[in-house]
Amino acid sequence: MQRERIVNLRSEAQVGKEFWVMGWVRTFRNDQFIALNDGSCLGNLQLVIDRDSTPDSIKKRLTTGAAIRARGMLEASQGKGQSTELRVSELDILGDANPETFPIQMKRHTMEFLREKAHLRFRTSTFGAVFRVRHALNFAVHRFFTEQGFFQMHTPIITGSDAEGAGEMFQVTTLDLNDVPKNAEGHVDFAEDFFGKTANLTVSGQLEAELGAMALGQVYTFGPTFRAENSNTSRHLAEFWMIEPEVAFADLASNMRLAEDCLKFILRDALATCDEDLEFLENREIESEKQLPQDQRHDQPLRARLQAVVDAPFQHVTYTEAIDLLRQSKPFKKKKFKYPVEWGIDLQSEHERWLVEKHFGGPVIITDYPAQIKAFYMRQNDDGKTVAAMDVLVPGIGEIIGGSQREERLDRLQAKCAEFNIPEDHVWWYLDTRRFGSAIHSGFGMGFERLVMYVTGMTNIRDVIPFPRTPQNAEF
RNA sequence: UCCUCCAUAGCUCAGUUGGUUAGAGCAUCUGACUGUUAAUCAGAGGGUCCCUGGUUCAAGUCCAGGUGGGGGAGCCA
């Protein structure tokens with residue numbers, strides 16, 4: 001008989017049939033009840049063993065974390081916590097978990113402790129829920145873009161391009177760092193390196209995605225991205241996953257619609273398919289917020305917040321309007337902002353938070369930023385001062401999406417390269433798209449882990465990726 | 001990288017103006033009980049008080065440096 005997953009054994013319809021189940025013991029109570037979890041869902045299956053006929057040698061090994069298999073008849077539960085339970089007729093220990101040394105207990109652990117046990121934290125309800133939701137979100141992303149007629153494009157992980165400009169890069173080399181070849185000037189001779197030139201891990205697939213969009217019409221990337229920034233925050237990783245759609249013949253307005261449709265589709269999908277996990281995460285959030293002062297707690301529970309985002313249109317505001325709003329705000333007048341607010345400066349976290357959490361109270365798209373604080377490839381607006389950029393900000397996370405209409409005019413783009421000190425021979429292939437059949441096009445980047453944080457209510461990005469990579473930490 | 005807080009039992013934490021044998025809950029072990037829901041009850045074991053140095057008659061407690069971690073900021077997704 002094949003094993004049945006626990007997710008399929010919780011409905012009364014299966015009662016009266018015999019099943020094999022395999023999983024890991026969460027608790028063993030009363031010499032009789034095993035709470036078994038196999039990862040297929042948040043909930044456990046209660047196994048009922050016969051107290052008298054089960055030998056003590058087996059009972060002693062039914063410790064938290066042990067892997068077991070059991071055969072038995074599914075029955076309607078006599079107890080209150082579950083609808084069904086398995087009356088066990090055969091039981092084997094597959095793998096013991098020494099209770100003296102197994103670190104995961106059937107109690108609340110801190111996230112910090114579990115982070116150091118990242119290889120075992122999957123065994124907890126919280127991380128089981130987070131990673132099931134992560135998968136659902138991942139799948140929803142692919143479904144959204146596929147249904148919209150996009151093609152996924154696998155952009156390179158190792159890149160020879162050094163002009164992406166999105167952040168510090170990790171260098172990739174096969175040179176012996178203890179004995180690097182030197183050229184005549186005494187510099188490292190990268191002609192000797194694997195690719196015959198310097199190479200790095202990608203910081204963005206956008207430039208390559210643009211090349212694809214200018215032929216396939218609409219493409220998206222969904223892959224790992226690497227930034228060697230020395231960022232130590234709850235919102236940054238050195239290795240993270242990013243979704244980057246790129247659409248030909250699309251202006252900024254349709255780019256904004258795409259971003260809004262995309263987010264809403266994904267949230268709607270998660271609400272529909274992950275309710276049990278989201279309910280657990282919602283209660284977890286409520287519990288952990290009990291230690292916070294009232295004004296730092298969410299005023300709505302997790303699922304209601306997500307539903308509200310799905311139901312309401314995103315607010316739009318230009319950068320210039322946002323600056324005006326900020327200058328009229330209470331914290332500005334009372335000089336509560338630490339950083340100045342004036343046209344031309346980049347919005348600081350405190351400003352974004354006021355806009356999104358206090359003023360708009362929901363997702364907001366800020367558009368048309370000053371050219372000098374944005375990337376070289378963004379399309380210059382007619383006012384000559386701003387570019388067709390957009391950032392989608394959400395409460396609690398901040399920027400979850402950043403995008404723009406791309407500069408499609410060769411002369412403007414060349415001028416920008418000069419301004420940003422990007423040698424044209426480094427981006428000749430990128431400029432070629434503007435030389436041959438150039439067309440307006442737009443795209444954006446969405447940080448996948450930030451999306452997972454937003455949906456799960458987790459407050460540290462290290463807890464929504466299995467093995468976080470951060471400065472000074474690459475364990476596991 | 002900057003600011004700030006923290007480090008005591010397997011886990012979560014308490015530990016008084018520096019003072020004699022460092023505590024609790026949970027977990028673990030032993031026993032009892034037995035339709036339990038993080039079962040309950042009784043008992044037991046368990047400590048390099050992060051590391052190095054300093055002040056002092058005396059340091060878990062004070063000081064300096066280091067390491068690790070949290071929160072915030074910058075950079076960004």
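Note: hydrogens, waters and symmetry copies are ignored here, and every other heavy atom, side chains too, is used. Chain letters run A, B, ... following the sequence lines, proteins first and then strands; every chain starts at 1. All values derive from a computational prediction rather than experimental measurement.
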Exercise. How many Å lie between CZ on A/R462 and P on B/rG68, as a whole number?
Worked result: 13 Å
Problem set entry | Nearest-Å distance once atom P is located in both B/rU61 and B/rG19 | 10 Å
Exercise. Is there a side-chain polar atom (N or O) of A/R51 under 4.0 Å from OP1 or OP2 of B/rU36?
Worked result: no
Exercise. Can A/S125 and A/R26 be counted as having a side-chain donor-acceptor contact under 3.5 angstrom?
Worked result: yes
For this session: Remember a base hit wins even if backbone is also touched, and classify A/L237 as base, sugar-phosphate or nothing at under 4.0 Å, heavy atoms.
Result: base
For this session: Output the single nucleotide from B/rC75, B/rU34, B/rU37 whose closest atom is nearest the side chain of A/E229.
Result: B/rC75
Exercise. B/rA27 P sits how many Å from A/F28 CZ, rounded?
Worked result: 15 Å
Exercise. Given the P atoms of B/rG35 and B/rU40, what is the spacing between them in whole Å?
Worked result: 15 Å
Exercise. Over how many whole Å does the gap from A/L114 atom CG to B/rG70 atom P extend?
Worked result: 13 Å
Exercise. Checking all strands, does A/E244 fall into the base, sugar-phosphate, or nothing category for heavy-atom contacts under 4.0 angstrom?
Worked result: nothing
Exercise. Which part of the nucleic acid, if any, lies within reach of A/R121 when heavy atoms closer than 4.0 Å are counted: base, sugar-phosphate only, or nothing?
Worked result: nothing
Problem set entry | Touch class at under 4.0 angstrom, heavy-atom based, for A/S234 against every strand present | sugar-phosphate
Exercise. Ignoring hydrogens and angles, does a donor from either the side chain of A/E85 or the base of B/rG35 sit under 3.5 Å from an acceptor on the other?
Worked result: yes
For this session: Kindly say whether, by distance alone, the side chain of A/R115 makes a donor-acceptor pair under 3.5 Å with the base of B/rG68?
Result: no
Exercise. Which value, in whole Å, describes the distance between the P atoms of nucleotides B/rG15 and B/rU52?
Worked result: 25 Å
For this session: Looking at every strand, decide which applies to A/M106 at a 4.0 Å heavy-atom threshold: base, sugar-phosphate, or nothing.
Result: base
Exercise. Which part of the nucleic acid, if any, lies within reach of A/K80 when heavy atoms closer than 4.0 Å are counted: base, sugar-phosphate only, or nothing?
Worked result: base
For this session: Quote, to the nearest angstrom, the P distance that separates B/rC62 from B/rG18.
Result: 8 Å
Problem set entry | Cationic tip of A/K385 above A/W343 ring, under 6.0 Å, 45° of axis | yes
Problem set entry | Backbone N/O of A/V7 and side chain of A/S40: donor-acceptor pair under 3.5 Å | yes
Exercise. If only atom types and distance count, is the side chain of A/D50 paired as donor or acceptor with the main-chain N or O of A/D52 below 3.5 Å?
Worked result: yes
Problem set entry | A/L347 CG - B/rC75 P separation (whole Å) | 11 Å
Seminar exercise, completed: Against the side chain of A/N30, the closest entry in B/rG69, B/rU37, B/rG35 is B/rG35
For this session: Look at the side-chain N and O atoms of A/T27 and state whether any lies under 4.0 Å from the OP1 or OP2 oxygen of B/rA39.
Result: yes
Exercise. What is the nucleic acid contact for A/Q78, judged by heavy atoms within less than 4.0 Å: base, sugar-phosphate only, or nothing?
Worked result: base
Problem set entry | Closest-nucleotide ordering on RNA chain B, the 5'-leading residue of A/N460 and A/P99 | A/P99
For this session: Sticking with atom C1', work out how far B/rG74 lies from B/rU67, rounded to a whole angstrom.
Result: 24 Å
Exercise. Is there a donor-acceptor pair closer than 3.5 Å between any side-chain N or O of A/T63 and the backbone N or O of A/A97?
Worked result: yes
For this session: For B/rA39, take OP1 and OP2 only and decide whether either is under 4.0 Å from a side-chain N or O of A/R29.
Result: yes
Problem set entry | Over 12 foreign heavy atoms within 6.0 Å of CD, A/Q472 | no
Problem set entry | Which nucleotide in B/rC75, B/rC76, B/rG35 has an atom nearest any side-chain atom of A/Q32 | B/rG35
Exercise. Between A/Y369 and A/Y319, how do the two ring planes meet: parallel, tilted or perpendicular, split at 30° and 60°?
Worked result: tilted
Seminar exercise, completed: Intra- and inter-strand pairing of RNA chain B, written as dot-bracket with Watson-Crick and G-U pairs under 3.5 Å and | for the latter, reads (((((((..((((.....[...)))).(((((.......))))).....(((((..]....))))))))))))....
Problem set entry | Set of residues satisfying side chain to side chain donor-acceptor pair (under 3.5 Å) with respect to A/K17, sequence neighbours excluded | A/Q14
Exercise. Does CZ in A/F139 sit with more than 12 non-hydrogen atoms of other residues, nucleotides or ligands closer than 6.0 Å?
Worked result: no
Problem set entry | Distance, rounded to the nearest Å, where A/Q348 contributes CD and B/rG72 contributes C1' | 13 Å
For this session: Using a strict 4.0 Å threshold on nitrogen-to-oxygen distance, state whether A/R297 and A/E289 make a salt bridge.
Result: no
Exercise. Step by step, would you call A/R134 with A/D277 a salt bridge (Lys or Arg N to Asp or Glu O under 4.0 Å)?
Worked result: CA-CA 11 Å; A/R134 184 181 166 112; A/D277 286 321; over 6 Å; no
Problem set entry | d(CG, A/L62; C1', B/rA38) in whole Å | 17 Å
Exercise. How far does the P atom of B/rA64 sit from the matching atom of B/rU4, given to the nearest Å?
Worked result: 13 Å
Exercise. If you look at every strand shown and take non-hydrogen atoms under 4.0 Å, does A/Y339 touch a base, only sugar-phosphate, or nothing?
Worked result: sugar-phosphate
For this session: Determine the Euclidean distance between corresponding P atoms of B/rC33 and B/rA38; express it in Å to zero decimal places.
Result: 24 Å
Problem set entry | Gap between atoms CD1 and P, on A/I49 and B/rU36 respectively (whole Å) | 16 Å
Exercise. Among B/rU37, B/rC75, B/rG74, which nucleotide sits nearest the side chain of A/Q82?
Worked result: B/rU37
For this session: Determine the contact category for A/Q46: base if any of its heavy atoms lies under 4.0 Å from a base atom, sugar-phosphate if only primed atoms, P, OP1 or OP2 are that close, otherwise nothing.
Result: base
Exercise. With a 4.0 Å cut-off on heavy atoms, is A/K60 in touch with a base, just the backbone sugar-phosphate, or nothing at all?
Worked result: sugar-phosphate
Exercise. How would you label the contact of A/R235 with the nucleic acid (heavy atoms, under 4.0 Å): base, sugar-phosphate, or nothing?
Worked result: base
Identify all pairs in which a protein N or O lies below 3.5 Å from an N or O of nucleotides 1-11 of chain B, and state each distance.
| residue | atom | partner | partner atom | Å |
| --- | --- | --- | --- | --- |
| B/rU1 | OP1 | A/N230 | ND2 | 2.6 |
| B/rU1 | O5' | A/N230 | ND2 | 3.4 |
| B/rU1 | O4 | A/N230 | O | 3.4 |
| B/rU1 | O4 | A/N232 | N | 3.4 |
| B/rU1 | O4 | A/N232 | ND2 | 3.0 |
| B/rG10 | N2 | A/Q105 | OE1 | 3.2 |
| B/rG10 | N2 | A/Q105 | NE2 | 3.2 |
| B/rG10 | N3 | A/Q105 | NE2 | 3.3 |
| B/rC11 | O2 | A/K107 | NZ | 2.6 |

Problem set entry | Ionic contact status for A/R10 with A/E276, cut-off 4.0 Å | yes
Problem set entry | Closest to the A/S77 side chain, choosing from B/rG70, B/rG35, B/rA38 | B/rG35
Problem set entry | OP1 or OP2 of B/rA73 under 4.0 Å from side-chain N/O of A/R353 | yes
Exercise. When the P atoms of B/rC49 and B/rU8 are considered, how many whole Å apart are they?
Worked result: 11 Å
Exercise. Do A/Q152 and A/F145 come within less than 4.5 Å of each other through their side chains, counting heavy atoms only?
Worked result: no
Exercise. Touch check for A/I401, heavy atoms < 4.0 angstrom, all strands: base, sugar-phosphate only, or nothing?
Worked result: sugar-phosphate
For this session: May I have the distance from A/L36 (atom CG) to B/rU36 (atom C1'), rounded to whole angstrom?
Result: 16 Å
